[in-house]
Number of protein chains: 2
Amino acid sequence: MSTIRLLLADDQALVRGALAALLDLEPDLSVVAEVGSGDAVVPAAREHRPDVALLDVEMPGLDGIEATRALKQAMPATRVLIVTTFGRPGFLRRALQAGADGFVVKDTPARQLADAVRRVQAGLRVVDPALAADSLVAGESPLTGRETEVLRAARDGASVVTVAGRLFLSAGTVRNHLSAAIGKTGAANRAEAVRIAEEHGWL
Amino acid sequence: MSTIRLLLADDQALVRGALAALLDLEPDLSVVAEVGSGDAVVPAAREHRPDVALLDVEMPGLDGIEATRALKQAMPATRVLIVTTFGRPGFLRRALQAGADGFVVKDTPARQLADAVRRVQAGLRVVDPALAADSLVAGESPLTGRETEVLRAARDGASVVTVAGRLFLSAGTVRNHLSAAIGKTGAANRAEAVRIAEEHGWL
DNA sequence: ACCTGGGCGTGACAAATGTCAGCGACCCGG
DNA sequence: CCGGGTCGCTGACATTTGTCACGCCCAGGT
């Protein structure tokens with residue numbers, strides 16, 4: 001049995017290095033490339049031809065989801081395993097839609113990671129069961145495209161007019177979109193709506 | 001030269017295990033205990049007598065800062081090295097005040113971690129230079145105790161009356177404290193004030 | 001004894017926010 | 001071709017939020 005070649009992508013160098021150390025302990029696994037940003041994933045994959053890519057969701061440049069899409073398009077044979085800090089239900093859904101073969105939260109015990117890699121390499125889907133359940137109840141984002149944009153632009157506490165300026169919209173329109181988002185999220189508030197949408201992975 | 005005994009505390013099992021793997025590669029280091037919450041730090045330290053404790057800041061139960069204080073009080077000889085995701089200037093200051101011997105961000109290269117551990121064990125202070133500079137400019141929190149409390153209670157987007165109810169205050173008082181916090185942070189907004197305060201590590 | 005600063009409260013005011021109804025435009029599927 | 005949905009905009013309205021001035025109490029330093 002030949003060794004499985006791995007690519008690691010995580011913006012935190014310490015975590016990246018530590019994961020590499022952990023996975024290199026396994027005799028059948030070998031980390032052939034490490035990158036710290038989403039943009040670097042595809043070039044590194046072209047050069048080192050990994051069997052499996054472990055991608056973090058939170059990354060500068062392309063995030064893990066977009067990087068998955070790009071990688072699957074460039075090299076469809078490469079398996080993708082998403083490794084992330086936050087178990088946002090929406091992330092799981094979007095990751096799978098982007099073509100990911102597995103989804104692991106950083107809460108899972110260290111020893112299971114190598115198994116997850118092997119399963120993914122074998123062509124199986126690996127998904128955290130608890131998270132999958134959450135994803136089903138949470139469902140898809142109820143927010144329309146514009147509402148999502150507006151809510152995202154209001155994340156940092158910008159006022160209505162500021163957001164309107166950023167998106168080239170009328171202030172009234174922004175207010176309406178925000179109102180709709182607040183209603184759909186069940187929030188009482190702009191800030192609360194942002195929080196809820198973020199927790200569900202809708203932003 | 002005897003080996004340095006380590007205690008690892010991080011709520012993310014995968015990261016914890018990976019760090020353990022990384023550090024165990026060094027011949028002079030040995031991970032003798034791993035815990036996933038701040039409350040477990042002191043008991044584990046009592047049992048395993050580590051030379052150096054690596055603590056994450058973000059943890060359930062006691063956070064890394066409080067755990068540092070507790071550990072230093074219970075076993076002053078133990079060296080504490082804080083390892084954290086976010087380079088919030090305020091965290092550094094509070095960590096050092098709580099008695100930490102070193103402060104490392106998760107962005108630093110993996111190979112430097114072992115060195116940081118050795119330096120801390122040798123009695124030196126280890127601090128990320130860039131972060132130290134930030135800490136100097138950012139300075140201490142300008143917020144008074146009450147203002148901090150109120151701002152923290154308003155973090156999730158709660159309304160004035162809700163916050164007032166939580167803290168057993170009058171609505172007007174809450175508004176005044178919030179107004180003061182907004183002024184001191186230079187924000188235009190409650191939400192912005194929260195964001196700014198969080199970025200500085202004042203919450 | 002005096003001053004200072006933080007905490008707590010009230011009242012009043014302007015500005016921002018959230019809600020609602022209604023209008024025209026567009027695209028897509030039946 | 002005619003809905004239905006999304007988008008964009010307006011205007012009006014009640015509520016919330018942010019600001020300010022003012023007062024009271026208490027703990028600390030001088």
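Throughout, a chain's letter reflects where its sequence line sits, starting with A, and its residues are numbered from 1.
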* Check whether any side-chain heavy atom of B:Val104 lies under 4.5 Å from a side-chain heavy atom of B:Ile82, and answer yes or no. => no
* Given side chains that start at C-beta, do those of B:Val120 and B:Leu124 come closer than 4.5 Å, heavy atoms only? -> no
* For C:dT19, does OP1 or OP2 lie under 4.0 Å from any side-chain N or O of A:Ser179? -> yes
Electrostatic pair [X]:[Y] at N-O distance under 4.0 angstrom:
{"X": "A:Lys184", "Y": "A:Glu147", "answer": "yes"}
{"X": "B:Arg166", "Y": "B:Asp156", "answer": "yes"}
{"X": "A:Lys72", "Y": "A:Asp101", "answer": "yes"}
{"X": "A:Asp63", "Y": "A:Arg69", "answer": "no"}
{"X": "A:Arg195", "Y": "A:Glu198", "answer": "no"}
{"X": "B:Lys106", "Y": "B:Asp10", "answer": "yes"}

* For B:Glu192 and D:dT17, give me the distance from atom CD to atom C1', rounded to whole Å. => 15 Å
* Asked: Would B:Leu178 and B:Arg175 satisfy side-chain contact (heavy atoms from CB on, under 4.5 Å), going step by step from the backbone distance to the final call?
  -> CA-CA 5 Å; B:Leu178 280 176; B:Arg175 283 227 295 263; 5.7 Å; no
* Contact residues, residues 184-191 of chain B to DNA chain C [heavy atom, < 4.0 Å] -> none
* For DNA chain D, determine which residues of residues 143-155 of chain A have any heavy atom closer than 4.0 angstrom to one of its atoms, and list them numerically. => A:Thr144, A:Gly145, A:Arg146
* What residues in residues 162-178 of chain A put a non-hydrogen atom under 4.0 Å from any atom of DNA chain D? -> A:Leu169, A:Ser170, A:Gly172, A:Thr173, A:Arg175, A:Asn176, A:His177
* **From CA spacing to verdict: salt bridge (Lys or Arg N to Asp or Glu O under 4.0 Å), A:Arg79, A:Asp51** => CA-CA 6 Å; A:Arg79 308 284 178 180; A:Asp51 300 305; over 6 Å; no
